[in-house]
Each structure stands twice: as C-alpha cells, then as structure tokens.
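Reviewing the structure listed below.
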Amino acid sequence: MCRNIRTLFNFDPPATNEEIYAASLQYVRKITGYNKPSKINEEAFNQAINEIAKVTSNLLNSLETSAEPRNREIEAERARIRSAKRFGTE
C-alpha cells in the first residue's frame, strides 16, 4: 500500500509535485484504511492529502544538506538489484 512513500529529499532533479502528491495520497490511505473514501468522507480525505502535500513540499524546500544530490537512475538501479537479491529474480 505504501509503495509511493519513498525518500524525496536530495535528488537531482528535485521531487516533483506529482511525487509529493502520490506520497501524500498513500500516507492518507494508510492511516485511514481507505483506498477510496465514501462520498461523505471524500472532502476530508482530499483536504488531508492536499494539506500533507503542502507541508511536505515546505519541509523539502527548507531542508539543507552538504551531501551531493542523488541520481534517480542510479538509485532505481540499486533498488532493482536489491529486489532481485531479495526475491531471487534476475
């Protein structure tokens, strides 16, 4: 369920609004237990997603580091290698 909640800080290029929104959506889904809310809860659900995305964006913009930005392609390849080792696939 939380496959889109991943590290978003210190990447080149920086995290996009779509990535931040996807992580916020997965977070709200996880804590509410809803994959899709009922009509009566839909407004609160969507408001929470938007507020969490805004706070996350503010957080990412205010963080500082002296580390070199990570490369998305290299990190994706490392994840594929870890997955292959873990699940025994090539």
Side-chain angles (χ1 to χ4, degrees):
M1 180 182 271
C2 295
R3 65 187 169 275
N4 286 326
I5 299 178
R6 56 189 65 178
T7 302
L8 298 175
F9 178 62
N10 198 28
F11 278 98
D12 186 29
T16 64
N17 289 335
E18 292 79 20
E19 290 172 314
I20 293 170
Y21 183 85
S24 301
L25 173 62
Q26 290 299 320
Y27 174 76
V28 172
R29 284 179 174 171
K30 182 69 172 182
I31 63 169
T32 62
Y34 295 143
N35 193 28
K36 183 178 180 198
S38 63
K39 287 288 183 191
I40 197 165
N41 293 322
E42 190 171 25
E43 185 177 338
F45 190 84
N46 291 332
Q47 181 180 354
I49 294 167
N50 291 329
E51 288 178 11
I52 291 169
K54 182 178 176 184
V55 169
T56 301
S57 182
N58 290 341
L59 173 64
L60 294 175
N61 290 332
S62 66
L63 292 175
E64 296 180 19
T65 183
S66 59
E68 289 291 318
R70 293 176 280 181
N71 182 292
R72 292 182 186 282
E73 290 78 28
I74 292 172
E75 294 299 321
E77 182 59 30
R78 288 179 183 163
R80 281 190 286 276
I81 291 169
R82 282 192 307 271
S83 179
K85 280 184 180 178
R86 180 177 181 191
F87 297 110
T89 59
E90 294 291 321

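Because only heavy atoms are used, hydrogens play no part in the values below, and waters and symmetry mates are left out as well, while side chains stay in.
- A single hydrophobic cluster is seen to contain both Ile31 and Leu25, as judged by linkage of ILVMFWY side chains at heavy-atom distances under 4.5 Å, directly or through other members.
- Of the possible donor and acceptor atoms, one in the side chain of Thr65 sits under 3.5 Å from a partner among the backbone N and O of Ala67.
- Checked against Ile52 for a side chain to side chain contact (heavy atoms under 4.5 Å, CB included), the options Val55, Thr56, Ile49 give a single hit: Thr56.
- Applying the salt bridge (charged side-chain N to carboxylate O under 4.0 Å, His left out) test to residues at least two apart or on different chains, the pairs with a partner in residues 32-43 are Lys39-Glu42.
- Here the closest heavy-atom approach between residue Asn10 and residue Pro69 is recorded as OD1-CA, 3.4 Å.
- Ser57 places no side-chain N or O within donor-acceptor distance of the main-chain N or O of Lys54, the cut-off being under 3.5 Å.
- No single ILVMFWY cluster, assembled from side-chain heavy atoms under 4.5 Å apart, contains both Phe45 and Ile40.
- Judged by distance alone, with hydrogens and angles left aside, the side-chain atoms of Arg29 form no donor-acceptor pair with the main-chain N or O of Tyr34 at under 3.5 Å.
- Between the CG atom of Leu63 and the CZ atom of Phe9 there is a distance of 4.5 Å, given to the nearest 0.5 Å.
- Within 6.0 Å of CD1 in Ile81 there are more than 12 heavy atoms belonging to other residues, nucleotides or ligands.
- Two residues are said to be in side-chain contact when any heavy atoms from C-beta on lie closer than 4.5 Å; Tyr21 and Thr16 fail this criterion.
- In this structure, Ser24 contributes its side chain and Ile20 its backbone to a donor-acceptor pair below 3.5 Å.
- Within the structure, salt bridge (charged side-chain N to carboxylate O under 4.0 Å, His left out) contacts touching residues 56-76 (residues at least two apart or in different chains) are Glu19-Arg72, Glu75-Arg78.
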